[in-house]
Amino acid sequence: MSSLSFDVLGWDSTWADSFAPHAAGGLTPGRVVRVDRGRCEVATGAEVLHAEYSRTDVCTGDWVALSGRYVHRVLPRRTALVRASASGVSSGQVLAANVDVVAVVIPCEAEIDLGRAERLLALAWESGARPVVVLTKTDSGADVGRALELLTGVAIGVDVIPTSARSGSGLDALAAELTGTVVLVGRSGVGKSTLASALTGADLAVREVRAADGKGRHTTVRRELLALRGGTGVLIDTPGLRGVGLHDAGDGVAMAFADVDALAADCRFGDCAHSGEPGCAVQAAIDAGLLAARRLESYRKLLRENEWAAARTDARLRSERRAKERSMHRQFRNQFNRPGHGRR
Ligand SMILES: Nc1nc2c(ncn2[C@@H]2O[C@H](COP(=O)(O)OP(=O)(O)OP(=O)(O)O)[C@@H](O)[C@H]2O)c(=O)[nH]1
Ligand SMILES: [Zn+2]
């Protein structure tokens, strides 16, 4: 990992500025390349060292201030890829920090999973990073032209790049798009690790799929941050995202459906629900074949899901507040009931 110089890691004058107070305090900067429970690996430019941390929200991609081998502080994140926690608790889970490009990986198959592409694009936009769609396995025999057409239709303002890690086609075009800190997101088995190996030259030990079900197995066991070939940046390989729930991603969803929003601006009513109101520009576009009906459905579904997640967060905050109030009442009562205080 000696190739992880501060240049390649993305250290710049803005990071230097935000680190300056820590430098004055004798701390050293580093970037987290992997996180385990209570421990992480930090690239310091000279080496990659094991460090301890007590904060729970250290994440791969974070810039940190080290005191020896202890993470003293995490520098404020510029961007963060967050999903709703898999465990069902209502806080978000940060998958990667300070990401510049989120590559949404979709394999070329007979059925292109447009819903997943849309969901991942919303997640990508919400992170603050630039999304790009990578169509993998173009050697599979499925219709590549059709796949590109479908994906281009849902990836508004986003480049779609066809690749085959097997034949090598498209990899140069992809590499040219990937600068800074790049993260690959996509279902297990879509070819993320294979792509990551091709882009970084690292052997990520891809295991073959089981012939029986043809599905990729969940083989990525740890997050890593690796230097891209050509020294243009680094790549974070996250474990397969099986269920990606949206967490507080209203803006990301709106960005992912900018085409629908642009149409909606022309609806007669400002609060048009696009379900039969007169003068609905969205419905008119669907009727004229300019907008796929599934696209509006998909937009609604993701909005509903996001609102539901937000409501759950609100409910948690409310119950935390109630618990706090109850304990204050108890303290208050106890004070009153103590001998020498208040009523007898
Ligand atoms: N035909 C073809 N197969 C590929 C290509 N890239 C990857 N594969 C195969 O797809 C399977 C899954 O690839 P991985 O790279 O492990 O997929 P992944 O997305 O990293 O999966 P997880 O680690 O589980 O998240 C492997 O059997 C690869 O050999 C490609 O370009 N063409
Ligand atoms: Zn409307």
Side-chain angles (χ1 to χ4, degrees), residues 81 83 86 95-96 102-110 113 116-117 120 133-144 147 161-175 182-224 226 235-244 257 259-288 290-291 293 295-297 299-300 303:
L81 190 67
R83 69 157 162 180
L95 297 169
V102 175
V104 172
V105 182
I106 305 285
C108 190
E109 295 167 337
D113 194 344
R116 178 166 291 261
L120 291 174
V133 172
V134 184
L135 178 69
T136 54
K137 310 191 187 184
T138 54
D139 59 279
S140 69
D143 188 339
V144 177
I161 302 164
T163 64
S164 164
R166 191 151 290 177
S167 77
S169 108
L171 292 180
D172 287 344
L174 176 61
V182 178
V183 62
L184 305 175
V185 297
R187 206 189 65 212
S188 181
V190 295
K192 296 183 302 297
S193 298
T194 309
L195 209 52
S197 300
L199 292 166
T200 62
D203 180 11
L204 296 170
V206 178
R207 269 184 258 160
E208 285 302 305
V209 283
R210 279 175 298 185
D213 58 8
K215 293 209 176 85
R217 291 206 294 153
H218 190 68
T219 49
T220 309
V221 290
R222 57 189 198 185
R223 242 162 269 185
E224 294 261 10
L226 304 151
L235 184 138
I236 296 176
D237 185 26
T238 65
L241 304 181
R242 284 153 186 273
V244 251
F257 291 87
D259 54 338
V260 182
D261 272 359
L263 288 165
D266 288 334
C267 291
R268 184 178 308 160
F269 304 114
D271 62 349
C272 186
H274 324 307
S275 43
E277 290 91 337
C280 175
V282 173
Q283 202 56 58
I286 291 173
D287 294 344
L290 298 171
L291 180 72
R295 186 111 173 108
L296 177 60
E297 276 319 303
Y299 190 13
R300 285 189 172 132
L303 278 180

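Numbering of ligands and ligand atoms starts at 1, following listing order. Nothing here was measured: the structure is a model prediction, and the numbers come from that model.
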**Asked** If we only count N/O pairs under 3.5 Å, is Asp139 in contact with ligand 1?
**Response** yes
**Message:** As a quick check of understanding, evaluate salt bridge (charged side-chain N to carboxylate O under 4.0 Å, His left out) for Arg187 and Glu109, giving each step before the final call.
**Reply:** CA-CA 13 Å; Arg187 206 189 65 212; Glu109 295 167 337; 3.7 Å; yes
**Asked** Which atoms of ligand 1 are found less than 4.0 Å from any heavy atom of Ser164?
**Response** 31 (O)
**Message:** Testing the basics here: between Pro162 and Val144, what is the closest heavy-atom pair and its distance to 0.1 Å?
**Reply:** CB-CG1, 4.5 Å
**Message:** Tell me the closest heavy-atom pair linking Leu263 and Ala281, and the distance in Å.
**Reply:** O-CB, 3.4 Å
**Worked check of side chain to side chain contact (heavy atoms under 4.5 Å, CB included) between Tyr299 and Asp261** = CA-CA 10 Å; Tyr299 190 13; Asp261 272 359; 2.8 Å; yes
**Numbering as shown, the atoms of ligand 1 that approach Ser193 to under 4.0 Å (heavy-atom distance)** = 15 (O), 18 (P), 20 (O), 23 (O)
**Message:** Between Val133 and Ile161, is the side chain to side chain contact (heavy atoms under 4.5 Å, CB included) condition met? List the steps.
**Reply:** CA-CA 6 Å; Val133 172; Ile161 302 164; over 6 Å; no
**Asked** Hey, does Gly186 sit under 4.0 Å from ligand 1 if you only count heavy atoms?
**Response** no
**Request:** Can you tell me, to 10 degrees, how wide the angle at the Zn ion (ligand 2) is between SG on Cys267 and SG on Cys272?
**Result:** 120°
**Message:** Does the residue Ser140 have a heavy-atom contact with ligand 1, meaning some pair of atoms that are separated by less than 4.0 Å?
**Reply:** no
**Request:** Give the minimum heavy-atom separation between Leu184 and Lys192, together with the two atoms involved.
**Result:** CD1-O, 3.4 Å
**Request:** Just to the nearest 10 degrees, tell me the angle at the Zn ion (ligand 2) spanned by Cys280 SG and His274 ND1.
**Result:** 110°
**Request:** Decide whether an N or O pair under 3.5 Å exists between Gly191 and ligand 1.
**Result:** yes
**Asked** Is Arg166 in polar range of ligand 1, meaning some N or O pair under 3.5 Å apart?
**Response** yes
**Asked** Is the side chain of Thr138 donor-acceptor paired with the backbone N or O of Thr163 at a distance under 3.5 Å, no angle test?
**Response** yes
**Prompt:** Of all the atoms in ligand 1, which lie at a distance below 4.0 Å from a heavy atom belonging to Arg187?
**Reply:** 19 (O)
